[in-house]
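This chain uses plain numbering: 1 for the first residue, then up along the sequence.
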Amino acid sequence: SKNSIIRDNTIKDGHGVSIYQAETTCLIRNHIINNTIGLHMCSSNNITVSENFIEENGIGLCLFSSNDNFVYLNNFVNNEQQLELEDSFTNTYDNGYEGNYWSTYNGTDTDRDGIGDTNIPHQKVDWLPLMGMVRFTNIEYNEDLYEIYMISNSTLIEGWLNETLKTLNFNVSGAYN
């Protein structure tokens, strides 16, 4: 298929998402959990995989003969195997600024910018691994809706704009270190 969008789905307790001989497809904001293979791409090119939670699968992402794909701002969490590659060499695992969150990444952030600086590239592909999960929220301002994302080890509950103070505010939960 060409020019498809797979967005805002929960794919759970099965075989996950399989993309076969596809081009120019976007897989965005999906929750892919507890599958044999979370996302399997075979002979697929120019696919964008972004803003997904891919967790607790046998294999998180499997690429077979798939090239020129873009994989960034995803959360790969507690998959038995995060990534499997076969004949897939020319994929990009960041957007030029940020890569993906991998629960198995154990590097450090020496310059405190939220991106790992040691033990890279993670999984031999991600040169800009994130130190915390990517969280998303929408904030309304002047009847327009703006999408905000942040990288944090906390859970983002809500966000809002304080027009008087000209600040973005967030409620989060999680451990304090």
* **Intermediate values then yes/no, side chain to side chain contact (heavy atoms under 4.5 Å, CB included), N69 and V49** => CA-CA 8 Å; N69 300 299; V49 179; over 6 Å; no
* Could you walk me through whether E55 and N78 pass the side chain to side chain contact (heavy atoms under 4.5 Å, CB included) check? -> CA-CA 6 Å; E55 57 185 303; N78 299 332; 5.6 Å; no
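Judged by distance alone, the side chain of N67 and the main-chain N or O of F89 form a donor-acceptor pair under 3.5 Å.
The side-chain hydrogen bond (donor to acceptor under 3.5 Å, both in side chains) search around T108 returns T118, not counting sequence neighbours. For E98, there are no salt bridge (charged side-chain N to carboxylate O under 4.0 Å, His left out) partners at least two apart in sequence or on another chain. Every residue two or more places apart in sequence or in another chain that forms a ring-ring contact (aromatic ring centres under 6.0 Å, His included) with Y105 is listed here: H122.
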What side-chain donor-acceptor pairs closer than 3.5 Å can you find for residues 8-23, not counting sequence neighbours?
{"unit_1": "N9", "atom_1": "ND2", "unit_2": "R7", "atom_2": "O", "d": "3.0"}
{"unit_1": "N9", "atom_1": "ND2", "unit_2": "N30", "atom_2": "OD1", "d": "3.1"}
{"unit_1": "D13", "atom_1": "OD1", "unit_2": "N34", "atom_2": "ND2", "d": "2.5"}

Got a list of side-chain donor-acceptor pairs under 3.5 Å for residues 124-134, not counting sequence neighbours?
{"unit_1": "D126", "atom_1": "OD1", "unit_2": "L128", "atom_2": "N", "d": "3.0"}
{"unit_1": "D126", "atom_1": "OD2", "unit_2": "N100", "atom_2": "N", "d": "2.9"}
{"unit_1": "D126", "atom_1": "OD2", "unit_2": "N100", "atom_2": "ND2", "d": "3.3"}
{"unit_1": "D126", "atom_1": "OD2", "unit_2": "W102", "atom_2": "NE1", "d": "2.7"}

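Using a 4.5 Å cut-off on side-chain heavy atoms (C-beta onward), F64 and S66 make no contact. In this structure, the side chains of N106 and N119 come closer than 4.5 Å at one or more pairs of heavy atoms.
Under the 4.5 Å side-chain heavy-atom criterion for ILVMFWY residues, a single connected hydrophobic cluster contains both L85 and V71. A continuous path of ILVMFWY side-chain contacts below 4.5 Å connects V77 to I115, so both sit in one hydrophobic cluster. Tracing side-chain contacts under 4.5 Å through hydrophobic residues (I, L, V, M, F, W, Y), one never reaches M41 starting from I37; they form parts of separate clusters.
To the nearest 0.5 Å, atom CG of residue L27 and atom CD of residue E51 are 11.0 Å apart. Summarising the geometry, atom CD1 belonging to I54 is positioned 9.5 Å from atom CD belonging to Q82; distances are rounded to the nearest 0.5 Å. N46 CG to C26 SG: the interatomic distance, rounded to the nearest 0.5 Å, is 8.5 Å. From I32, atom CD1 reaches atom CG of N75 across 11.5 Å, with rounding to the nearest 0.5 Å. To the nearest 0.5 Å, the span separating CG on L39 from CD1 on I59 amounts to 11.5 Å. The structure places OH of Y72 at 10.0 Å from CG of D94, a figure rounded to the nearest 0.5 Å.
Under the side-chain hydrogen bond (donor to acceptor under 3.5 Å, both in side chains) test applied with N79, the options N35, T104, N57 reduce to a single match, N57.
Atom CG of L145 is surrounded by more than 12 heavy atoms from other residues, nucleotides or ligands within 6.0 Å.
Taking all atoms of both residues into account, the shortest heavy-atom contact from S50 to L73 is OG-CB, 4.1 Å. Of all heavy-atom pairs spanning D109 and G114, the tightest one is OD2-N, 2.7 Å.
Among pairs with a residue in residues 30-61, those fulfilling ring-ring contact (aromatic ring centres under 6.0 Å, His included) read H31-F53, at least two apart in sequence or across chains.
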